[in-house]
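Structure record follows, encoded as structure tokens.
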Amino acid sequence: MERKVTKPRATALRASGKASRRMPGEERRAQIVKVATDLFSKNGFKGTTTREIARKAGISEAVIFKHFSRKEELYKAIIDSRCTDTGGESFLIGRLKGKKGKEVFKTVAVYLLEEHHKDPSFMRLLTYSALEQHALSELFLKTRALELLGFLEDNIRELMREGSMREVDPAIAARAFIGMVIHYSISQELYGFKRYFKRPLEEVAEAFVDIFLEGTTRR
């Protein structure tokens with residue numbers, strides 16, 4: 001027989017984080033994703049258990065498995081929560097539609113810099129997943145990362161066809177540009193360089209685009 005939880009017991013459960021209000025399915029799912037993202041980004045995947053996620057969310061492990069029957073489903077939900085709109089399209093790719101040339105690079109740089117500055121937890125999580133050779137890293141690469149690089153490669157090919165950009169390997173050039181932006185975010189937000197170097201993000205994005213497209217050689 002199920003034991004009835006008395007009021008003092010229920011109060012103690014709430015205080016300890018072992019009980020929480022009943023949420024609609026989608027709201028509960030989003031809560032689990034947020035808690036998992038925060039814990040993974042702080043402790044890594046090896047240092048985080050579903051028991052800890054459940055405790056932090058104030059639910060049982062059974063509730064997690066009800067929403068995510070496999071770990072891969074949780075990892076995909078984490079990526080989607082930060083990268084994908086309700087229609088399944090990348091937030092960033094959606095912003096790039098209709099843009100060409102320099103505007104593409106400016107949009108990418110501003111978006112990534114602002115997202116990393118606003119909340120570096122996802123960037124931290126991706127770093128952990130790469131270092132730990134975790135499944136989430138491969139999933140992110142196959143879905144969102146390669147998609148963005150492919151878009152940039154196509155834009156670079158178009159600039160070369162127009163004659164406004166010299167002949168380069170589009171794949172290497174695209175990775176060079178993303179490398180500048182990502183390294184800046186990592187050094188600022190994860191290494192702590194922002195304590196010693198402060199610039200408006202728009203200004204940083206403009207500088208990276210100009211360096212990438214125009215170089216630094218005096219003509």
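Computed from heavy atoms alone, side chains included, the values below leave out hydrogens, waters and symmetry copies. One-based numbering along the sequence shown.
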Side chains of L139 and K142: closer than 4.5 Å at any heavy-atom pair?
-> no

Search all heavy atoms of V204 against all heavy atoms of R199 and return the closest pair with its distance.
-> CG2-CB, 3.6 Å

Do the non-hydrogen side-chain atoms of E162 and K100 ever get within less than 4.5 Å of each other?
-> yes

Closest non-hydrogen atom pair between S41 and S121, with its separation = CB-O, 3.2 Å

Heavy-atom nearest pair, A57 first then Q31, reads O-NE2, 3.1 Å

Check whether more than 12 heavy atoms from other residues, nucleotides or ligands sit under 6.0 Å from atom CZ of F193, and answer yes or no.
-> no

Sub-3.5 Å donor-acceptor pair from the side chain of E115 to the main-chain atoms of R82, do we have one?
-> no

Transitively linked via ILVMFWY side-chain contacts under 4.5 Å: L39 with I78?
-> yes

Return the set of residues passing ring pair (Phe, Tyr, Trp, His ring centres under 6.0 Å) with H134 (not counting sequence neighbours), or none when no residue passes.
-> F45, Y75

What do you reckon, is CZ of F197 surrounded by more than 12 foreign heavy atoms closer than 6.0 Å?
-> yes

Can you list the steps and then say if E206 with V110 is a side-chain contact (heavy atoms from CB on, under 4.5 Å)?
-> CA-CA 8 Å; E206 285 277 8; V110 169; over 6 Å; no

Please examine the side chains of S185 and L113, heavy atoms only from C-beta on, and report whether any two atoms are closer than 4.5 Å.
-> yes

Ring pair (Phe, Tyr, Trp, His ring centres under 6.0 Å) partners for F212, two or more places apart = F105, F177

Hey, could you give me the OG1/CD1 distance between T127 and I186, rounded to the nearest 0.5 Å?
-> 5.0 Å

Identify the heavy atoms of A174 and I156 that sit nearest to each other, and give their distance.
-> N-CD1, 3.6 Å

Below 4.0 angstrom, N of the basic side chain to O of the carboxylate: do E89 and R95 qualify?
-> no

Decide yes or no on side-chain contact (heavy atoms from CB on, under 4.5 Å) for T107 and E103, but give the supporting numbers first.
-> CA-CA 6 Å; T107 301; E103 195 60 28; 4.0 Å; yes

Between S69 and E73, do the side chains contain an N or O donor and an N or O acceptor separated by less than 3.5 Å?
-> yes

Residues K42 and D38 bridged, charged N to O under 4.0 Å = no

Point-to-point distance, once rounded to the nearest 0.5 Å, from SG of C83 to CZ of F140 | 5.0 Å

Is a salt bridge present between K118 and E189, judged by a nitrogen-to-oxygen distance below 4.0 Å?
-> no

Any side-chain heavy-atom pair from V108 and V209 closer than 4.5 angstrom?
-> no

Qualifying side chain to side chain donor-acceptor pair (under 3.5 Å) pairs, either residue in residues 44-54, two or more places apart | T50-E61

Ring pair (Phe, Tyr, Trp, His ring centres under 6.0 Å): which pairs involve residues 78-99, sequence neighbours left out?
-> none

Output the distance between atom CG (D85) and atom CD1 (I93), rounded to the nearest 0.5 Å.
-> 11.5 Å

Which atom names give the shortest non-hydrogen contact between A54 and I64, and what distance separates them?
-> N-CD1, 3.7 Å

Residues at least two apart in sequence or cross-chain that pass side-chain hydrogen bond (donor to acceptor under 3.5 Å, both in side chains) with E158, listed by chain then number, are R161

Contacts of type ring pair (Phe, Tyr, Trp, His ring centres under 6.0 Å), residue Y128, not counting sequence neighbours = none

Minimum-distance pair of heavy atoms, taken over all atoms of K99 and V104 = O-CG2, 3.5 Å

How long is the span from the NE2 atom in H183 to the CD atom in Q188, to the nearest 0.5 Å?
-> 9.5 Å

Whether over 12 other heavy atoms sit under 6.0 Å from H117 NE2 = no

E202 with K106: basic N within carboxylate O range, under 4.0 Å = yes

Find out if a path of hydrophobic residues (ILVMFWY) with successive side-chain heavy-atom gaps under 4.5 Å connects Y196 to L201.
-> no

Would you say E26 has more than 12 foreign heavy atoms packed within less than 6.0 Å of its CD?
-> no

Side chain of R29, backbone of G25: donor and acceptor closer than 3.5 Å?
-> no

Between R124 (side chain) and L190 (backbone), is there a donor-acceptor pair under 3.5 Å?
-> no

Just how far is it from atom CG of D169 to atom CD of E153, taken to the nearest 0.5 Å?
-> 8.0 Å

Indicate, with yes or no, if L159 and F151 share a hydrophobic cluster defined by side-chain heavy-atom contacts under 4.5 Å among Ile, Leu, Val, Met, Phe, Trp and Tyr.
-> yes

Using atom types as modelled and distance alone, determine if a side-chain donor or acceptor of H116 lies under 3.5 Å from a backbone N or O of L112.
-> yes

Under 3.5 Å, is there a donor-acceptor pair between the side chain of E147 and the main chain of S90?
-> no

Any side-chain heavy atom of F40 within less than 4.5 Å of one from L136?
-> no

Quick one: do L148 and Y184 end up in the same hydrophobic cluster if we chain Ile, Leu, Val, Met, Phe, Trp and Tyr together by side-chain heavy atoms under 4.5 Å apart?
-> yes

Check whether any side-chain heavy atom of K76 lies under 4.5 Å from a side-chain heavy atom of T143, and answer yes or no.
-> no

Is it the case that more than 12 heavy atoms not belonging to K66 sit under 6.0 Å from its NZ atom?
-> no

If you measure from CG on N155 to CE on M160, what distance do you get to the nearest 0.5 Å?
-> 10.0 Å

Mind checking whether Y111 and L146 sit in one hydrophobic cluster, side chains of I, L, V, M, F, W, Y counted as touching below 4.5 Å?
-> yes

